[in-house]
Amino acid sequence: MKKNIIAIALGSVIALSAPMFSLADNHSTIQSSVDYSQFVTKRQVVDQLLQDALTAFKSPSRISHAGFTAKMPSNMEIVTSRLLEAYQLEPYRTDLLISAANAQIYNKNVDKAIELFNQALSVAPDDVDLHSYLAVWTRFKGDDASSTKHMQALAKLNPGREADLKKIFATVDRVLATPLKDKAENTNSGNRAIVTLGYALNPDGSMHDILVQRLETTLKMAKADQDAVIVLTGGVPKNHKTEGKLMADWLIAKGVSADRIIEENYATSTVGNALFSSYALARHNIDHATIISSASHVRRGQTLFEIASWQTGPQGITFDTVAYPDKPLEELKEASDSEVLGIYRDALRTYGMWSYRSYPLEAR
């Protein structure tokens, strides 16, 4: 009798056999441990599916490549699967489709993401964010006709959003067309800043070689331009230490005055680097900032800092980059599809469009 009551309560929308997760160690796979048939209502099942999506999203089983420092979760297919199972139970929850689509962006499956965004658009044809996502990702795929169609829809629904996306597109195009350089030009006047982007610390809290190499480049610039403010941004703690603090200590030990240094100890991604550091640049009324990072990362950094400064100012601030050549600059002359994807994805996040909007899985 109890089984019959459960079946009636849940209906026949979904087979209730999806797994919950447990992590044995940092590299373990996600293991099945719960049968959803124990739950009585659809709401309970949906809540558990979303909690499982969050657990998968936060799994420490992640990968990182030198230079491309975004920590890309390795289990986004699981996140997508749980979100779509929840959507089958609550098909009015378009947010679940949007979150699932963005999980596929992180998984570098743009075609699947576009499919899911279009599915959501069929339910909410006037949704400004959906037209925005589709304008961006069809442009990324080279489908200019579809991108233009969604931009035209935005022109009617929200002209301000259309104008902002045009500005983002122009910024991305300009940054991608600008040659990389590994030395500063020192031709800028006014108030200047050097902004060094952090890199994940080693498990024991020591600095990774990549971060030290970025600091070597920073030190050369700091000595060549004694008036420049130095912003050190990175806040992922390891062994009770943060990148920003360790970078500051390293430069001070090399003779750089602590009075020149601003530590930004809260950013956990390049998006955070840009958003948090932009206030430091505004506070010091900086006219020009040079961003230092690995060569395969600086274009994304510059794009995000430019977008972040649109909100904070200072008005008229300009940016350039100096790259630590983690790879020969000639090899990185043309940005890879993976790099361009990361630029577009994080440009939208910096602009303010949340990737995940399905509580408790919420993340910008």
Side-chain angles (χ1 to χ4, degrees), residues 65 67-70 105 108 110 132-133 135-142 144 147 151 163-188 192-199 214 217 221 231 233 267 269-278 281 286-353:
H65 300 291
F68 187 69
T69 57
I105 293 296
K108 301 182 182 181
V110 179
S132 300
Y133 285 124
V136 169
W137 295 116
T138 54
R139 186 181 201 261
F140 170 79
K141 293 294 294 185
D144 293 337
S147 182
M151 290 294 283
D164 287 346
L165 285 186
K166 284 183 176 179
K167 192 174 180 180
I168 289 173
F169 292 160
T171 301
V172 171
D173 290 347
R174 172 173 46 77
V175 170
L176 289 175
T178 302
L180 297 174
K181 63 180 186 294
D182 58 7
K183 293 182 177 61
E185 295 175 345
N186 293 328
T187 59
N188 298 286
R192 298 176 303 283
I194 301 165
V195 182
T196 303
L197 306 188
Y199 188 89
R214 293 179 187 180
T217 304
M221 275 201 67
V231 180
T233 170
S269 66
T270 313
V271 173
N273 293 150
L275 291 173
F276 293 140
S277 298
S278 67
L281 300 177
I286 298 300
D287 297 297
H288 180 82
T290 297
I291 300 166
I292 296 176
S293 189
S294 302
S296 52
H297 185 227
V298 289
R299 284 180 283 225
R300 182 155 56 103
Q302 180 175 350
T303 302
L304 305 195
F305 270 77
E306 292 198 19
I307 293 171
S309 73
W310 297 346
Q311 301 295 326
T312 63
Q315 291 297 309
I317 187 173
T318 57
F319 294 89
D320 72 341
T321 64
V322 171
Y324 165 74
D326 54 328
K327 296 179 181 178
L329 297 188
E330 186 62 29
E331 290 184 16
L332 299 170
K333 184 176 181 180
E334 297 290 333
S336 66
D337 286 347
S338 178
E339 183 181 356
V340 176
L341 184 150
I343 290 171
Y344 275 122
R345 180 201 65 218
D346 288 353
L348 290 177
R349 294 172 61 207
T350 305
Y351 173 69
M353 293 180 64

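Positions are given from 1, in the same order as the sequence printed here.
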State, to 0.1 Å, how close [X] and [Y] come at their nearest heavy-atom pair, and which atoms those are.
{"X": "Gly272", "Y": "Ala267", "result": "C-CB, 3.3 Å"}
{"X": "Gly301", "Y": "Leu197", "result": "CA-CD1, 4.3 Å"}
{"X": "Ala323", "Y": "Ala295", "result": "CB-CA, 3.5 Å"}
{"X": "Gln315", "Y": "Trp310", "result": "NE2-O, 4.4 Å"}
{"X": "Arg214", "Y": "Gly198", "result": "NH1-O, 2.7 Å"}

As a test of understanding, state which of Asp287, Thr312, Val231 forms a side-chain contact (heavy atoms from CB on, under 4.5 Å) with Leu281.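 Exactly one candidate clears the test, Val231.
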
Min side-chain heavy-atom separation [X]-[Y] under 4.5 Å:
{"X": "Val175", "Y": "Ile343", "value": "no"}
{"X": "Asn273", "Y": "Leu304", "value": "no"}
{"X": "Ile291", "Y": "Phe319", "value": "yes"}
{"X": "Arg174", "Y": "Thr171", "value": "yes"}
{"X": "Tyr133", "Y": "Leu348", "value": "yes"}

Could you tell me if Arg139 sits above the aromatic ring of Phe169, with its cationic atom closer than 6.0 Å to the ring centre and no more than 45 degrees from the axis? yes

Taking atom [atom1] of [X] and atom [atom2] of [Y], what is their separation to the nearest 0.5 Å?
{"X": "Thr290", "Y": "Phe305", "atom1": "OG1", "atom2": "CZ", "value": "11.5 Å"}
{"X": "Arg345", "Y": "Thr270", "atom1": "CZ", "atom2": "OG1", "value": "8.0 Å"}
{"X": "Ile317", "Y": "Ile286", "atom1": "CD1", "atom2": "CD1", "value": "6.5 Å"}
{"X": "Leu165", "Y": "Ser147", "atom1": "CG", "atom2": "OG", "value": "8.5 Å"}
{"X": "Lys166", "Y": "Ile168", "atom1": "NZ", "atom2": "CD1", "value": "13.0 Å"}
{"X": "Leu275", "Y": "Ser269", "atom1": "CG", "atom2": "OG", "value": "8.0 Å"}

Can you list the residues that meet the side-chain contact (heavy atoms from CB on, under 4.5 Å) rule with Gln311, with sequence neighbours excluded?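 Not a single residue meets the side-chain contact (heavy atoms from CB on, under 4.5 Å) criterion with Gln311.
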
According to side-chain contact (heavy atoms from CB on, under 4.5 Å), who are the partners of Ala184, at least two apart in sequence or on a separate chain? Asn186, Met221, Val322

Partner residues of Lys181 under the salt bridge (charged side-chain N to carboxylate O under 4.0 Å, His left out) criterion, sequence neighbours left out: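 Result, salt bridge (charged side-chain N to carboxylate O under 4.0 Å, His left out) vs Lys181: Asp320.
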
Partners passing salt bridge (charged side-chain N to carboxylate O under 4.0 Å, His left out) against Lys183 (at least two apart in sequence or in another chain):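 In terms of salt bridge (charged side-chain N to carboxylate O under 4.0 Å, His left out), with neighbours along the sequence ignored, Lys183 is linked to no residue.
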
Please identify each residue that fulfils side-chain hydrogen bond (donor to acceptor under 3.5 Å, both in side chains) with [X], with sequence neighbours left out.
{"X": "Arg192", "result": "Asp225"}
{"X": "Asp164", "result": "Tyr351"}
{"X": "Thr178", "result": "none"}
{"X": "Gln302", "result": "Glu306"}

Step-by-step side-chain contact (heavy atoms from CB on, under 4.5 Å) determination, Thr138 to Lys141: CA-CA 5 Å; Thr138 54; Lys141 293 294 294 185; 5.6 Å; no

Between the main-chain N or O of His297 and the side-chain N or O of Ser294, is there a donor-acceptor pair closer than 3.5 Å?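 Pair absent, no side-chain N/O of Ser294 close to backbone of His297.
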
With Tyr324, which residues qualify under ring-ring contact (aromatic ring centres under 6.0 Å, His included), at least two apart? none

Taking only residues two or more places apart in sequence, or in another chain, which ones meet Phe140 in a ring-ring contact (aromatic ring centres under 6.0 Å, His included)?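 Once residues adjacent in sequence are excluded, the partners of Phe140 under the ring-ring contact (aromatic ring centres under 6.0 Å, His included) criterion are Trp137.
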
Mind running side-chain contact (heavy atoms from CB on, under 4.5 Å) on Arg299 and Leu180 for me, showing each step along the way? CA-CA 8 Å; Arg299 284 180 283 225; Leu180 297 174; 3.9 Å; yes

